[in-house]
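Reviewing the structure listed below.
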Amino acid sequence: MAEVVLLDFWGSPFGMRARIALAEKGVKYEYKEEHLLTGKKTPLLLETNPVHKKIPVLIHNGKPISESLVIVQYIEDAWSDTAPLLPADPYGRSQARFWADFVDKKIYDQGKKIWANKAGEVQEAGKKELMESLKLLEGELGEKPFFGGETIGYVDVALVPFYTWFYSFETIGNFSIEAECPKLIEWVKRCLERESVSKSLVDPEKVYVDLILVLKKMYGYE
């Protein structure tokens, strides 16, 4: 096994976080795709993440690390001599962790209310909650190029992978994120100018066709 291995699934925004962080640090790694849509999990995944049995899992020198934000923080600590993702000062680090945790607790679940439901009260609630969260994040971004300031940082890595799911939210919910949060979409475009981001994210339309629509059918969300 390689020194660094990432167990991942192509369409996971959580896995994309790890990919971006590793790319920012210039860490070479072996990518192992978990074919989660088949419902089968590899023995390696079950062995390295026996508690949650979910991707992503980073394996470094044979030691597994689970949960995407924990993985990003591990990458920051293990390869601390290059491309810092967290501020140097304790307060700045606390604020970055706060907003990354906010993203973790809000965006996926609010988005799921949109794509996993037909038009109606639950979907409308999801759209309202999602836009409220994105507007708060847009306010936190302010006039800075990135949440990390002049360069990409921890919150950027936590949030930008969800851009790949925005198209699905908008298509199914019939609304526009850019219309209400234009500065946030400008931020996405700046992030995509970085090779670490552009090569780590997947096509939003592929997410919609090959993942979201498949999940809707698989779980009877149609």
Side-chain angles (χ1 to χ4, degrees), residues 2-34 55-60 65 67-88 92-93 96-97 99-100 103-104 107-108 111 134 137-138 140-170 177-178 181-211:
E3 179 184 341
V4 182
V5 177
L6 180 65
L7 308 186
D8 200 355
F9 171 68
W10 67 267
S12 169
F14 304 103
M16 292 178 214
R17 291 171 170 174
R19 292 175 229 168
I20 294 170
L22 288 166
E24 279 291 319
K25 297 287 187 175
V27 178
K28 294 182 179 180
Y29 62 97
E30 180 182 353
Y31 180 93
K32 288 184 176 289
E33 176 79 5
E34 291 285 332
I55 54 90
V57 177
L58 182 74
I59 306 171
H60 185 206
I65 303 96
E67 297 297 298
S68 62
L69 289 183
V70 176
I71 289 171
V72 174
Q73 290 187 59
Y74 178 87
I75 292 167
E76 169 77 343
D77 293 338
W79 292 276
S80 59
D81 57 340
T82 182
L85 297 173
L86 281 162
R93 294 168 81 89
R97 288 181 175 125
W99 285 107
V103 171
D104 228 27
I107 306 304
Y108 180 82
L134 293 179
L137 286 160
E138 189 177 59
E140 171 61 19
L141 176 66
E143 300 303 320
K144 302 188 298 293
F146 300 96
F147 286 94
E150 293 301 314
T151 188
I152 197 168
Y154 186 58
V155 182
D156 304 281
V157 173
L159 178 59
V160 76
F162 284 100
Y163 163 71
T164 62
W165 288 49
F166 282 4
Y167 176 80
S168 298
F169 301 160
E170 293 172 317
I177 292 173
E178 184 171 15
C181 294
K183 289 185 177 181
L184 199 65
I185 300 303
E186 290 174 9
W187 160 79
V188 169
K189 293 174 181 177
R190 285 193 293 275
C191 289
L192 286 169
E193 291 173 1
R194 300 182 69 86
E195 188 174 297
S196 63
V197 177
S198 62
K199 288 192 173 182
S200 298
L201 301 191
V202 295
D203 182 359
E205 292 191 23
K206 177 177 173 59
V207 170
Y208 175 66
V209 174
D210 294 341
L211 179 54

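Note that the coordinates shown come from a computational prediction; the quantities given were computed from them, not determined experimentally. Only heavy atoms go into these numbers, but all of them, side chains included; no hydrogens, no water, no symmetry mates.
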- Note on the structure: In short, Arg19 meets Phe9 closest at the heavy-atom pair NH2-O, 2.9 Å
- Going through the checks in order, is the side-chain contact (heavy atoms from CB on, under 4.5 Å) test met by Ile71 and Arg17? CA-CA 9 Å; Ile71 289 171; Arg17 291 171 170 174; over 6 Å; no
- With Leu58, the side chain to side chain contact (heavy atoms under 4.5 Å, CB included) member among Asp8, Ile75, Val5: Ile75
- Message: Within this structure, what is the CD1-OH distance for the pair Ile65 and Tyr74, rounded to the nearest 0.5 Å?
- Response: 4.5 Å
- Query: Roughly how far, to the nearest 0.5 Å, is CD of Glu178 from CD of Glu170?
  - Reply: 8.0 Å
- Donor-acceptor contact present, side-chain Glu24 to main-chain Ser196, <3.5 Å: no
- Task: Verify salt bridge (Lys or Arg N to Asp or Glu O under 4.0 Å) between Arg194 and Asp156, making sure each step is shown before the conclusion.
- Result: CA-CA 12 Å; Arg194 300 182 69 86; Asp156 304 281; over 6 Å; no
- Message: What I'd like to find out is whether the side chain of Glu76 reaches to under 4.5 Å of the side chain of Pro84, using heavy atoms alone.
- Response: yes
- Message: Are the side chains of His60 and Tyr29 in contact, using a 4.5 Å heavy-atom criterion?
- Response: no
- Task: Measure the acute angle between the ring planes of Tyr163 and Phe166, then classify it against the limits of 30° and 60° as parallel, tilted or perpendicular.
- Result: perpendicular
- Donor-acceptor contact below 3.5 Å, side chain Glu138 vs main chain Lys183: yes
- Query: Would you call Leu159 and Val188 a side-chain contact if the rule is heavy atoms closer than 4.5 Å?
  - Reply: no
- Message: To check you understand the geometry: which heavy-atom pair defines the closest contact between Phe146 and Thr151, and what is its length?
- Response: CB-O, 3.4 Å
- Given side-chain contact (heavy atoms from CB on, under 4.5 Å), test Val4 with Trp79 step by step and report yes or no. CA-CA 12 Å; Val4 182; Trp79 292 276; 3.9 Å; yes
- Over all heavy atoms of both residues, which pair between Ala100 and Val155 is shortest? Give the atoms and the distance, please. N-CG2, 4.2 Å
- Task: Taking all non-hydrogen atoms of both residues into account, name the closest pair between Pro161 and Ile20 and its distance.
- Result: CG-CD1, 4.0 Å
- Task: Could you pull out the closest heavy-atom pair between Trp10 and Tyr31, with the gap in Å?
- Result: N-OH, 3.5 Å
- What's the spacing between Leu85 CG and Ser80 OG if we round to 0.5 Å? 11.0 Å
- When rounded to the nearest 0.5 Å, the distance separating CE of Met16 from CH2 of Trp165 is 8.0 Å
- Item | Check: Trp99 side chain, Tyr154 main-chain N or O, donor-acceptor pair, under 3.5 Å | no
- Note on the structure: All heavy atoms of Cys191 vs all of Val160, minimum pair found to be CB-CG2, 3.8 Å
- Item | Point-to-point distance, once rounded to the nearest 0.5 Å, from NZ of Lys28 to CG of Leu22 | 13.5 Å
- Item | Residue Lys25 excluded, over 12 heavy atoms near NZ under 6.0 Å | yes
- Message: Measuring from atom CD1 of Ile185 to atom CG of Leu192, what distance do you get when rounded to the nearest 0.5 angstrom?
- Response: 10.0 Å
- Give the intermediate values and the outcome of side-chain contact (heavy atoms from CB on, under 4.5 Å) for residues Ile107 and Leu137. CA-CA 11 Å; Ile107 306 304; Leu137 286 160; 4.2 Å; yes
- Message: Can you confirm whether Phe14 sits close enough to Ile55 that some side-chain heavy atom of one is under 4.5 Å from a side-chain heavy atom of the other?
- Response: no
